[in-house]
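So the structure is just underneath, and the comments pick up after that.
All residue numbers in this chain count up from 1 along the given sequence.
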Amino acid sequence: MAGTQKSLDEFMKNYAEQNEEDKDAVASGEYEDRETLRAERDQVYSGYYLESFQDGIEGKYGTNTAVRLTSPEGTKVTLWVNGYEEEHFNAFMGKLEKKGVSLPVKIDFLRTQEEAKTSGNAYNRLRIMEVASGEEVQFELDSL
């Protein structure tokens with residue numbers, strides 16, 4: 001699955017190979033600035049473009065996944081998920097992979113807090129719905 005964390009040795013080996021292949025290419029030095037999306041609970045976020053993600057990022061409260069999105073207005077944002085929300089995100093990505101869908105995809109999503117049926121404890125829930133995928137999504141994204 002794309003986005004899985006690699007070992008340091010594997011990364012350095014792949015990095016060296018890629019740099020050897022791309023030694024004539026010059027990086028632009030541009031950094032894509034993204035603000036953190038602090039998605040409220042019980043609010044539907046519609047028409048976002050899921051571009052990429054990076055999992056296994058160590059944070060204050062354990063590991064997190066950075067989900068890179070573009071808003072319908074073209075704002076580049078990062079949604080941080082962990083715990084159960086991270087599991088729900090990974091399940092969504094697994095569904096896309098099974099269907100052979102690649103990023104970017106257009107999504108609607110919702111954050112909620114729900115009660116576990118067995119224990120009665122509250123937990124965070126992330127619901128993601130695929131709205132569109134394929135070339136038209138890339139075209140829409142490029143036009144923003």
Please find the pair of heavy atoms, one from [X] and one from [Y], that lie closest to each other, and give the distance.
X: Pro72; Y: Gly47; answer: CG-O, 3.3 Å
X: Ser52; Y: Leu103; answer: CA-CD1, 3.8 Å
X: Leu79; Y: Leu69; answer: CB-CD1, 4.0 Å

**OP:** Show the numbers, then the answer: is there a side chain to side chain contact (heavy atoms under 4.5 Å, CB included) between Tyr49 and Val137?
**Re:** CA-CA 8 Å; Tyr49 299 90; Val137 172; 3.7 Å; yes
Subject >> Sub-4.5 Å side-chain heavy-atom contact between Glu35 and Thr75 >> reply: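 A side-chain contact exists here, since the closest heavy-atom pair is under 4.5 Å.
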**OP:** For Glu86 and Thr65, test the side chains for any donor-to-acceptor distance below 3.5 angstrom and give the result as yes or no.
**Re:**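 Result is yes, a qualifying pair exists.
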**OP:** Could you verify whether a donor N or O on one side chain and an acceptor N or O on the other, from Asp142 and Gln138, lie under 3.5 Å apart?
**Re:**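 Side chains of Asp142 and Gln138: pair found under 3.5 Å.
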**OP:** Show your reasoning for whether side-chain hydrogen bond (donor to acceptor under 3.5 Å, both in side chains) applies to Asn124 and Glu85.
**Re:** CA-CA 6 Å; Asn124 294 329; Glu85 287 184 333; 5.0 Å; no
Subject >> Side-chain ion pair, Arg111 and Glu40, N-O less than 4.0 Å >> reply: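 Here Arg111 does not pair with Glu40 in a salt bridge, since their nearest N and O are not under 4.0 Å apart.
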Subject >> Qualifying salt bridge (Lys or Arg N to Asp or Glu O under 4.0 Å) pairs with a residue from residues 125-137, counting only residues at least two apart or across chains >> reply: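 Only Lys99-Glu130, Glu114-Arg127 qualify under salt bridge (Lys or Arg N to Asp or Glu O under 4.0 Å).
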Subject >> side chain to side chain contact (heavy atoms under 4.5 Å, CB included) between Arg68 and Arg34, intermediate numbers included >> reply: CA-CA 8 Å; Arg68 293 177 195 89; Arg34 290 182 182 264; 3.7 Å; yes
Original post:
Are the side chain of Asn64 and the backbone N or O of Gly62 linked by a donor-acceptor pair below 3.5 Å?
Top reply: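 Pair found, side chain donor or acceptor close to backbone of Gly62.
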**OP:** Using atom types as modelled and distance alone, determine if a side-chain donor or acceptor of Ser143 lies under 3.5 Å from a backbone N or O of Glu140.
**Re:**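 Side chain of Ser143 to backbone of Glu140, a donor-acceptor pair under 3.5 Å: yes, one is there.
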Original post:
ring pair (Phe, Tyr, Trp, His ring centres under 6.0 Å): which pairs involve residues 110-132, sequence neighbours left out?
Top reply: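 Residue pairs with at least one partner in residues 110-132: Tyr84-Tyr123.
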**OP:** Would you mind telling me which of Thr70, Val67, Val105 makes a side chain to side chain contact (heavy atoms under 4.5 Å, CB included) with Glu51?
**Re:**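 Going through Thr70, Val67, Val105 one by one, the side chain to side chain contact (heavy atoms under 4.5 Å, CB included) with Glu51 is satisfied by Thr70 alone.
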